[in-house]
Amino acid sequence: MKFEGQVALVTGAGSGLGAAIARALAAEGALVVLCGRRLGPLEDLAKSLGTKHLALTCDVTDESQIAMAVDRTIKAFGRLDVLVNNAGIGGWVPFQDTSTEFFDNVMATNLRGPFLCSRYAWPHLKASKGQILNISSIAGSSTFANMTAYCASKWGLNGLSETLSTEGREHGIRVMSLGPGSADTDIWGDVANTDERGRMMTPDQVASLALWLLESPRNVEVRKTIIENFASPFED
């Protein structure tokens, strides 16, 4: 198994893409630290994966909770090899109606959160020559109406990924970004109908792409990967 003996911390692991990525890593032998705002789903997932995994409450907008999650990871397992910055929020709001509070919350979750998680994980990833995978979006390389905050956060996340990739190389840390198109998760709420959801990627499909990147040879550096659906619900 490719990740036998390695420790992976996944944010937003309670559902959707995060849960699917956590399952994929665990299936390849990783010890997974499941982080999210709601402890119940994380504990349920940890139980389904086996007792060796760790479930932690961690809101990535709270720096103290991030610091505690990384500290508990090191205390529990003694190392950290993979950080998956997956936690994210969205919303469909016309620009004129985008409140400062909403914009700040999206940026705090989708951009500041990965920055903080990466910063606290950095010394441990230097020690293990580890990896960071940031889960971005096709909205980080394209723009869509009524998604000002979300697009801005994901474009910023891609910039963060590229910068960390450049700086991390000298320390043996590989940093990559995965930007999937539409995936069938709860982030859509009632925005997408059944037919539109049927054209989306499943969380397991995105997780397989994430695993492919993390398993790729270390002399290969894929800074940014954009995966586009054949048919997108954004299209007319």
Side-chain angles (χ1 to χ4, degrees), residues 8-13 15-25 60 82-93 103 105-118 121 131-169 173-189 191-192 196-197 199-216 220-235:
L9 189 155
V10 182
T11 67
S15 62
L17 301 185
I21 293 170
R23 287 193 296 267
L25 284 166
V60 298
V82 178
L83 169 64
V84 180
N85 285 313
N86 166 77
I89 60 173
W92 287 262
V93 184
F103 185 87
N105 194 29
V106 171
M107 297 298 284
T109 304
N110 297 0
L111 182 54
R112 183 175 178 269
F115 160 74
L116 289 171
C117 289
S118 299
Q131 305 185 73
I132 297 173
L133 180 61
N134 292 320
I135 304 303
S136 184
S137 167
I138 193 173
S141 59
S142 302
T143 54
F144 303 98
N146 304 320
M147 298 180 70
T148 303
Y150 187 76
C151 287
S153 71
K154 293 301 185 179
W155 280 73
L157 181 58
N158 285 344
L160 176 68
S161 298
E162 297 247 357
T163 305
L164 294 185
S165 175
T166 301
E167 191 168 338
R169 194 182 302 119
I173 302 173
R174 181 167 67 171
V175 182
M176 298 177 288
S177 175
L178 174 60
S182 307
D184 189 6
T185 67
D186 292 340
I187 197 172
W188 290 96
V191 174
E196 289 168 336
R197 283 180 176 271
R199 300 200 300 270
M200 297 179 184
M201 289 180 284
T202 67
D204 287 339
Q205 288 173 329
V206 177
S208 69
L209 295 168
L211 205 64
W212 174 74
L213 286 173
L214 291 168
E215 289 180 341
S216 63
V220 174
E221 186 177 90
V222 184
R223 289 193 178 192
K224 182 170 62 177
T225 305
I226 306 299
I227 308 297
E228 189 167 1
N229 307 57
F230 285 113
S232 169
F234 292 116
E235 299 171 353

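We're numbering straight along the sequence, starting at 1.
- Between Cys117 and Val60, the shortest heavy-atom distance links the atoms SG-CG1, 4.0 Å.
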List the steps and the verdict of side-chain contact (heavy atoms from CB on, under 4.5 Å) for Leu214 and Met176. CA-CA 9 Å; Leu214 291 168; Met176 298 177 288; 4.2 Å; yes
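- Here the CZ-CG distance, from Phe115 to Leu160, works out to 8.0 Å after rounding to the nearest 0.5 Å.
- Side-chain atoms of Asp204 and Arg23, non-hydrogen and from C-beta on, do get closer than 4.5 Å to each other.
- In terms of modelled atom types and a separation under 3.5 Å, the side chain of Trp155 and the main chain of Ser142 share a donor-acceptor contact.
- With values rounded to the nearest 0.5 angstrom, Asn86 atom CG is found 11.0 Å from Ser136 atom OG.
- For the pair Ala149 and Met107, the tightest heavy-atom approach, listed with the atom from each and the gap, is O-SD, 4.1 Å.
- Contacts of Thr11 classified as side-chain hydrogen bond (donor to acceptor under 3.5 Å, both in side chains), with partners at least two apart in sequence or in another chain: none.
- Each of Leu209, Leu211, Leu178, Val84 was evaluated against Ile21; a single residue qualifies, Val84, per the side chain to side chain contact (heavy atoms under 4.5 Å, CB included) test.
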Going through the checks in order, is the side-chain contact (heavy atoms from CB on, under 4.5 Å) test met by Met147 and Ser137? CA-CA 12 Å; Met147 298 180 70; Ser137 167; over 6 Å; no
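- Across all non-hydrogen atoms, the minimal contact from Leu25 to Ala8 is CD1-CB, 3.8 Å.
- Side chain of Ser161 to backbone of Leu157: a donor-acceptor contact under 3.5 angstrom is found.
- Under the side chain to side chain contact (heavy atoms under 4.5 Å, CB included) criterion, Ser118 pairs with Leu83, Asn85, Ile132, Leu164, not counting sequence neighbours.
- In plain terms, the two heavy atoms of Gln205 and Ser208 that are nearest each other are O-OG, 2.6 Å.
- Checking side-chain atoms of Asn110 against main-chain N and O of Ser153 turns up no donor-acceptor pair under 3.5 Å.
- Minimum heavy-atom separation, Pro203 to Gly16: CB-O, 3.8 Å.
- Shortest non-hydrogen contact noted between Tyr150 and Gly90 is CD1-CA, 3.7 Å.
- In this structure, NZ on Lys154 lies 8.0 Å from CD1 on Ile135, to the nearest 0.5 angstrom.
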In sequence, state the C-alpha distance, the side-chain angles, and the governing distance for Val82 and Leu133, and then conclude on side-chain contact (heavy atoms from CB on, under 4.5 Å). CA-CA 8 Å; Val82 178; Leu133 180 61; 5.8 Å; no
